[in-house]
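Order of listing sets the numbers, starting from 1, for every ligand and every atom in it.
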Amino acid sequence: MPIKSLTFSLLFVLMTTGGCAIDGLLLTELDRKGHSPMPDPAPVRIHGRAPGLLSGTVTLSAGDTKLGEGKTDALSAFVVEVDGTTELTGALLDVRQGGKQVLGILPHIPAQKSVLDPAINLDIAQLSPGMANVDTQTTILSVLALAKARAESRSLGSVPATSMTDTLIELNDRLTAGDKILGTVASMVTRLMANPGPAAPFLVNNVSGSLLNPEALAGVDYTGDGAADKTTQAFDEALAAAVASFQFKACYVPNKIKVVLLARLAKGGKNGNCEAFDPFLWAKDLPGKRMFIAAGVHIDTPRCTEERTAHCLTEDQIDALNKTLGNWQPNRTRMYDDGSHGDAVASDGVWTLSFDAPWWDASAAVDKAGVRIAYKFTWGNDGDGWTATEEFPGNQRILELTDQNGDHIIVRQDDFGDETSNKDKANQLAPSLGGCGQMKWPSESAEGCASDVYERAVDTDGDCKVDGWPSAGNNTALTVPCK
Ligand SMILES: [Ca+2]
Ligand SMILES: [Ca+2]
Ligand SMILES: [Ca+2]
Ligand SMILES: [Ca+2]
């Protein structure tokens with residue numbers, strides 16, 4: 001009790017002398033203690049029609065994750081309800097009745113803006129341009145997009161919504177104009193759908209192997225040469241040719257970028273020196289604690305002045321980004337490991353924070369400097385101070401927002417408490433690996449010293465060899481419609 005009131009009065013003194021927003025902080029504090037958690041938002045309901053499929057099952061999914069289900073009624077209309085907490089990208093509608101199957105892609109489904117808002121009702125025509133029904137045409141487009149995503153080893157959800165929309169429009173236009181390569185696939189899909197077999201024809205979740213279900217081929221002539229086709233080979237070849245003939249179009253927002261920071265809590269994991277390390281050397285692991293991030297704009301970020309008007313941040317931009325990052329307050333800005341807020345996998349020990357940041361291509365700046373941020377992870381309870389929560393004291397992690405792999409997203413994953421990575425002042429990276437005791441921007445590091453200040457590939461399987469880029473989860477690059 002005395003400790004708590006001391007902390008509180010100290011906080012008050014700090015806030016008074018620092019001239020911070022006292023009311024806001026106090027209200028947040030009171031809010032946290034006095035109120036029960038906010039309820040979940042109302043659902044989003046998606047209405048559509050699948051002509052000819054009566055009493056069919058309707059599934060809306062993202063990869064293997066089922067987002068919602070429904071049934072078509074006697075007029076082939078359906079409603080699928082999805083949870084209103086998260087906006088969804090690249091969701092697939094799959095309507096089946098016996099051997100009949102139609103598909104449709106919804107590039108973007110909005111989330112509820114507030115928990116107080118009533119349920120949203122949306123028609124598929126509002127979610128995918130030109131999609132009046134889920135029918136043969138939307139199935140053809142979906143098969144093409146699914147095959148393209150599969151060929152690029154990505155999910156439909158990883159394709160930005162505007163990019164998916166632009167691509168579907170382009171494919172539709174090419175089909176309407178009589179494009180031969182796409183038309184071959186379209187004719188095959190049309191014949192398969194007109195002659196339903198004993199099973200649904202499209203294996204939408206089949207990652208390797210054919211998109212066409214061999215069990216659906218009972219006597220169907222899908223090539224149109226008069227002879228029944230017993231294998232998927234002709235379909236696979238036609239689809240491969242079609243997939244090679246288009247790209248997911250994307251036009252990126254030029255002055256902003258999506259940033260995804262990931263904190264992996266790996267007990268028994270290895271640090272950058274390939275040595276076992278204790279993530280709780282400084283922080284204390286207690287039941288109920290969770291991951292937070294404390295962060296702000298790094299002082300070395302170029303500021304706009306009368307002399308420098310490009311490749312710099314204005315004071316307003318700095319204030320806004322600092323606010324996004326929580327202004328270096330410990331245990332206030334939450335990271336997520338529950339599959340929400342852009343987190344890829346729930347409860348895998350990888351905690352996610354995603355946000356949009358102002359951006360320019362650092363290589364285009366005179367001093368090659370980009371937007372630079374500093375951060376550190378804390379393992380604590382809401383509102384805790386630094387003590388026994390910060391991954392290491394007296395240091396910060398430094399990161400320049402440079403897109404190293406060209407995917408138009410910055411994804412940086414660190415292991416909580418790893419003092420060999422981008423920790424700035426007392427860095428423990430081994431000299432044999434380029435460790436010089438400090439971590440600096442490349443232009444400021446001494447020759448032979450490693451610089452680890454960008455997004456980077458990581459070791460995902462614990463053999464101390466870097467083997468892949470960390471997942472951006474449900475986050476996609478920021479795009480605008482292509483003109
Ligand atoms: Ca045939
Ligand atoms: Ca996770
Ligand atoms: Ca990147
Ligand atoms: Ca590895």
Original post:
Hey, what's the angle at the Ca ion (ligand 1) spanning O (A227) and OD2 (D229), nearest 10 degrees?
Top reply: 100°
**OP:** Mind reading off the angle at the Ca ion (ligand 1) between the OD1 atom of D221 and the OG1 atom of T223, rounded to 10°?
**Re:** 90°
**OP:** For the residue pair W282 and E419, confirm or rule out a side-chain donor-acceptor distance under 3.5 Å.
**Re:** yes
**OP:** Assess the side chains of S210 and D236: does a donor N or O sit below 3.5 Å from an acceptor N or O?
**Re:** yes
Original post:
Do any N/O/S atoms of N405 come under 3.0 Å of the Ca ion (ligand 3)?
Top reply: yes
**OP:** Give a yes/no answer: is there an N/O/S atom of I409 under 3.0 Å from the Ca ion (ligand 3)?
**Re:** yes
**OP:** Walk me through it: do R264 and D414 pass the test salt bridge (charged side-chain N to carboxylate O under 4.0 Å, His left out)?
**Re:** CA-CA 6 Å; R264 184 170 66 171; D414 299 299; over 6 Å; no
Subject >> Atom of D459 closest to the Ca ion (ligand 4), considering N, O or S atoms >> reply: OD1
Original post:
Closest to the Ca ion (ligand 4), which N/O/S atom of D467 is it?
Top reply: OD2
**OP:** Measure up the H408 and Y252 rings against each other and bin them: parallel (under 30°), tilted (30 to 60°), perpendicular (over 60°).
**Re:** parallel
**OP:** Fit a plane to each ring of F235 and F202, take the angle between them on a 0 to 90° scale, and name the class: parallel (under 30°), tilted (30 to 60°) or perpendicular (over 60°).
**Re:** tilted
**OP:** Pick out which of F355, W351, Y336 makes a ring pair (Phe, Tyr, Trp, His ring centres under 6.0 Å) with H341.
**Re:** Y336
Original post:
What N/O/S atom of D225 gets nearest to the Ca ion (ligand 1)?
Top reply: OD1
Subject >> Where the Ca ion (ligand 4) is the vertex, angle from D461 OD1 to D463 OD1 to 10° >> reply: 90°
Original post:
What is the minimum heavy-atom distance between E455 and I409, and which atoms define it?
Top reply: OE1-O, 3.1 Å
Subject >> Residue D407 atom name (nearest to the Ca ion (ligand 3); N/O/S) >> reply: OD1
**OP:** Find, among atoms of D403 that are N, O or S, the one nearest to the Ca ion (ligand 3), and state its name.
**Re:** OD1
Original post:
Is the Ca ion (ligand 4) less than 3.0 Å from an N/O/S atom of K465, whether that atom is in the backbone or a side chain?
Top reply: yes
Original post:
Roughly how far, to the nearest 0.5 Å, is CH2 of W328 from CD1 of I293?
Top reply: 8.5 Å
